[in-house]
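Notes follow the structure.
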Number of protein chains: 2
Amino acid sequence: MKDSPEDQIVNAILDAIAEQRLPAGTKLGEQALSDLFSCNRANVRRALASLAAQQVVELRPNRGAFVMTPSPKEARDIFQARRAIERTIARHASGQASAEDIAFLRDNILEEAEARKAGDKPAELRASRQFHMRIAQIAGNLVLERFLSELTMRSTLILGLYSPTGSSSCAEDEHDRIVDVLESGDTDELVRLADQHLRHLEAGLNFDEPPAAPMSLKEQLMVPRGTPSAG
Amino acid sequence: MKDSPEDQIVNAILDAIAEQRLPAGTKLGEQALSDLFSCNRANVRRALASLAAQQVVELRPNRGAFVMTPSPKEARDIFQARRAIERTIARHASGQASAEDIAFLRDNILEEAEARKAGDKPAELRASRQFHMRIAQIAGNLVLERFLSELTMRSTLILGLYSPTGSSSCAEDEHDRIVDVLESGDTDELVRLADQHLRHLEAGLNFDEPPAAPMSLKEQLMVPRGTPSAG
DNA sequence: TTATCAAATATTGTTAACAATAAATGACAA
DNA sequence: TTGTCATTTATTGTTAACAATATTTGATAA
């Protein structure tokens, strides 16, 4: 069961965004992508159309496709929507987690902590996202799961833009308590924790200074003057 | 400011689905669409990719694109998600409606009632959908607005499949009360009404008998035996 | 009639070439 | 140097032809 070239491209880009390897504003050239995935431009274009429909990519006519750069207003909307959806997910997941689910989540928390200690940001983000998505799976509503998938993706872009360096991602002790309460079956408390967790995440954002300018691939390679590389 | 051919196709198909002119399962041939919109197949294919990303169209490899046929389980997920989202919308719209908003909604209710009396199902569905979407606009969250747009679209497909003929769409007196409470600013009551309204809509569904078989364009033109056309 | 199968037809998937537009380059003048 | 403009280059948008795959059609046999 192999994926179509289009799905490959979509998934690769989504993964890269989810792990903050592709920052907001990055240009996604058609040639570059068709070379990378060794397929023709028609497939690339369809993939970009899909990503644009998911609001993860912005399509500027005659100029190309760019990783979406959420505005402060969009960021607020996204976190508000996340709270609505994750609260609902929490309500329906409560008391439904199997032993494997709990084990997975506990393991996931360790994985995230290790990645953080090791300074491996992509792994940390991947683990954190997996935590939220696993609970969505437990809730068993595919529509909410897909919506949350889109929102976590865009949240990652927001963190990359508006989060004072390092302060990003989730507080791990909050994840800890969430698993405990998820296991215990206290629905109201679980909903409360989910809401609070997202509020904390949002509170860490800083919209005062404008986001760093989008870098083209070329600019990413040129080290700016006055920024010695290592010594 | 003219739309790209791709957007035209996407919007035309979405409108047709929203008004139940395109029933679930309808095949969307590439040639047919490129003829209709006088553009090339590349644009059609991108449009179909967008619609597939919105879960409104199903893409079967080597077989083509079809209007999505929601299963009973999907229908449940969709209405559950709608309740979560429309409750949140209600909470944020409460007390935020301008005089024009209220006037629009009242007018919309009349329009829907007239369409129903006249037996104009498309107009009735269009009005009903507009009612929900206008309240979403009042709430002012573009993310929730877009999610609801997708869900109302898919709800229309569900009604077409599982609603005993005629019983579909919203009870108009419920819309009436919703506008009254929206105007009054009683948030909790508005949320309650929104939830109840959607539960009533869902309660009218019947999953017992399998949905009518998807019709091809050809079959739609052949009048089945024993069904005299007019007299 | 009904079932089976091969040929014919239609549809989707892929590719390459070309046109239209935007971005980058470099000459020129101030 | 710095700014402006024409030229060149690169990128996106469009189109048509072809290949691969389904579907339909019609003939044949039970």
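Every chain is numbered from 1 and lettered A, B, ... according to where its sequence line falls, protein lines coming before strand lines.
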Does [X] make a side-chain N or O approach to OP1 or OP2 of [N] shorter than 4.0 Å?
X	N	result
R63(B)	dT12(C)	no
K27(A)	dT12(D)	yes
R45(A)	dT12(D)	no

So, [X] and [Y]: side-chain donor and acceptor under 3.5 Å apart, yes or no?
X	Y	answer
R129(B)	T156(B)	no
H92(A)	Q80(B)	yes
D3(B)	Q8(B)	no

Gap between atoms [atom1] and [atom2], on [X] and [N] respectively (whole Å):
X	N	atom1	atom2	value
N43(B)	dG13(C)	CG	C1'	16 Å
R60(B)	dT11(C)	CZ	P	16 Å
D7(B)	dG13(D)	CG	C1'	14 Å
R41(B)	dT12(C)	CZ	C1'	6 Å
L48(A)	dT12(D)	CG	C1'	11 Å
L28(A)	dA10(D)	CG	P	20 Å
E30(B)	dG13(C)	CD	C1'	8 Å

Is a donor on one side and an acceptor on the other found under 3.5 Å between the side chain of Y162(B) and the backbone of P70(B)? yes
Using modelled atom types only, decide if a donor and an acceptor are shared between the side chain of S128(A) and the backbone of E124(A) within a distance under 3.5 Å.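 Judged by distance alone, no pair lies under 3.5 Å.
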Mapping P61(A) and Q31(B) to their closest nucleotides on DNA chain C, which lands nearer the 5' end?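 So the residue in question is Q31(B).
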[X] has a side chain; which of [options] sits nearest to it?
X	options	answer
N40(B)	dT14(D), dG13(C), dT23(D)	dT14(D)
A42(A)	dT12(C), dT15(C), dT14(D)	dT15(C)
N62(B)	dT14(D), dT14(C), dT12(C)	dT12(C)

Would you kindly check whether a donor in the side chain of R46(A) faces an acceptor in the base of dG13(C), or vice versa, at under 3.5 angstrom?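 A donor-acceptor contact between them is absent.
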